[in-house]
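Reviewing the structure listed below.
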Protein chains: 2
Amino acid sequence: MTARDQVRTADHRSGGGREARRAERREAILQAAMELIAERGYRGTSLAAVAERAGLTQQGLLHHFPSKELLLVGVLEARDRWDTAAAAATGAWRTDTLAGLVEYNAGRPGVVQTYTVLAGDSVTEDHPARDFFERRFRRVREGLAGVLRTEYGDRLPGGLTPERAAPLLAAVMDGLQLQWLLDPAEVDMTAAFGDFLALLGAAGGEGDASAVGAGTDES
Amino acid sequence: MTARDQVRTADHRSGGGREARRAERREAILQAAMELIAERGYRGTSLAAVAERAGLTQQGLLHHFPSKELLLVGVLEARDRWDTAAAAATGAWRTDTLAGLVEYNAGRPGVVQTYTVLAGDSVTEDHPARDFFERRFRRVREGLAGVLRTEYGDRLPGGLTPERAAPLLAAVMDGLQLQWLLDPAEVDMTAAFGDFLALLGAAGGEGDASAVGAGTDES
DNA sequence: GTCTATAATCAGATAGAC
DNA sequence: GTCTATCTGATTATAGAC
């Protein structure tokens, strides 16, 4: 550990040092960037606008994030950090936890909007977030397959396996977010996601159809 | 009918008149715009780039579409026209037709990409395509509910109704497109959509589970 | 670390010639 | 109808003072 690192650690502990202030600044910038990306998209967001909302000049911002692309990477990493507890513990999750996450998102349209806008943007050529989303979806599909296997075993309705149902689960979450953002009065994201879970839970792959309709009226 | 309209009709019939050439130009511009929006997004696409690909100057383009926003409206209308036959006949569709549409889309990544990018973009503030997508999703949900009712009746697996399953169907289609665009080698969009249909068809609301597992091994 | 000043580029749109 | 020329404004990024 270098002398500088010791200072940094000490500063962080004290909570009011140089490094702590630096971290605060970075957080403020990332927060502003997230909001503006939600409002105007990545390409539509200017560094000057982010800087203004964060309370500094464009050039001051560039001191913390040397380029617009690095700022985007910062935003994505922050989002990852934000639900890291979630992602890391996915193996132990259940479908109720997923439903809870959807309900939680329903109370945070801004975050959902940032995600939806960037995900759509990411499929364009040479997009700085493309790699991030490609990896993310692989990870999410694997995690969801694990959840489904834990919950329902190897055989799901319609002859599906957890691995084949996982992309559908991810797709439903994203697709519902889009419809909900566009028309929140018309689309009840939480209820709709519950409906999909009912679809996965009803009439299991064991060929036992006696459970059909049971416990599915939580509308 | 005015004298001018008569001339226009005559021109159109002859196939080589002024109006026909004008229409050709517009088509070329719209085609170029669609491609570039797929590649770079709406905000990332410049009029000059569209014009160059269409074989004229930016100012020539502005003669046909007076503003960038009107060009986007043109693109969306063209897309509507493109699958108008589909949308109009939705009432008579069946789920096989939907599966066929998904398979058709799987062969046209460019079109899917334009749609995905614009849909994500549309949730940003004051986006010129927002209204279009809001209306489109309402229409699609209604159409899909009709398809499901025709096919499966009023009761679906998991205690769902056609109206409650419709947003899920739309969500799955959009969500799968996103995952497929990002990772075509990993995500088999057509097979996955078939899986979802199996989910809707298996163990129906009537309690008849005898069809479970049939025709679902097209992995 | 944050600022002012500014470079270098590119955007969408207009005016007017042909 | 399509062009050349031009305007106006915004963008990312750099240089250097404090």
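The figures here come from the full heavy-atom set of this structure, side chains too, leaving out hydrogens, waters and symmetry mates. Every chain is numbered from 1 and lettered A, B, ... according to where its sequence line falls, protein lines coming before strand lines.
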**Request:** Examine F137(A) together with F132(A) and report whether their ring centres are nearer than 6.0 Å.
**Result:**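 No; F132(A) has its ring centre 6.0 Å or more from that of F137(A).
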
**Asked** Is it true that Y42(B) and H127(B) have ring centroids separated by less than 6.0 Å?
**Response**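 Ring centroids of Y42(B) and H127(B) are less than 6.0 Å from each other.
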
**Prompt:** Any side-chain heavy atom of M189(A) within less than 4.5 Å of one from M173(A)?
**Reply:**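 Side-chain contact under 4.5 Å: no.
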
**Message:** Could you check whether Q31(A) and E35(A), counting side-chain N and O atoms only, form a donor-acceptor pair closer than 3.5 Å?
**Reply:**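 Result is yes, a qualifying pair exists.
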
**Request:** Report yes or no: do T190(A) and E103(A) form a side-chain donor-acceptor pair below 3.5 Å?
**Result:**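 T190(A) vs E103(A): no donor-acceptor pair found between side chains.
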
**Prompt:** Stems in DNA chain D: runs of 3 or more consecutive Watson-Crick or G-U pairs, distances under 3.5 Å?
**Reply:**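 Stem list for DNA chain D: C:1-10 with D:9-18, C:12-18 with D:1-7.
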
**Heavy-atom protein contacts under 4.0 Å, nucleotides 7-18 of chain D, coded B base, S sugar-phosphate only, - none** = ----SBBB----

**Request:** Considering just the side-chain nitrogens and oxygens of T57(A), establish if one lies under 4.0 Å of OP1 or OP2 belonging to dT2(C).
**Result:**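 Answer no for this pair, as no side-chain N or O of T57(A) is under 4.0 Å from OP1 or OP2.
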
From [atom1] of [X] over to [atom2] of [N], roughly how many Å is that when rounded to an integer?
X	N	atom1	atom2	result
E52(B)	dA11(C)	CD	P	11 Å
H63(B)	dA13(C)	NE2	C1'	16 Å
E24(B)	dG1(D)	CD	P	14 Å
R26(B)	dG1(D)	CZ	C1'	14 Å

**Request:** Apply side chain to side chain contact (heavy atoms under 4.5 Å, CB included) to I37(A) and Q113(A), showing your working.
**Result:** CA-CA 8 Å; I37(A) 288 171; Q113(A) 199 164 315; over 6 Å; no

**Prompt:** Has the side chain of T45(B) got a donor or acceptor atom that lies under 3.5 Å from a matching backbone atom of L36(B)?
**Reply:**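 Indeed, once roles are kept as given, a pair shorter than 3.5 Å links the two residues.
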
**Request:** Give R22(B) one of three labels, base, sugar-phosphate or nothing, depending on what nucleic acid heavy atoms sit under 4.0 Å from its own.
**Result:**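 Here R22(B) touches no strand at all.
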
**Asked** Is the count of non-hydrogen atoms from other residues, nucleotides or ligands lying under 6.0 Å from E52(B) atom CD greater than 12?
**Response**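 Counting other residues, nucleotides and ligands, CD of E52(B) stays at 12 neighbours or fewer.
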
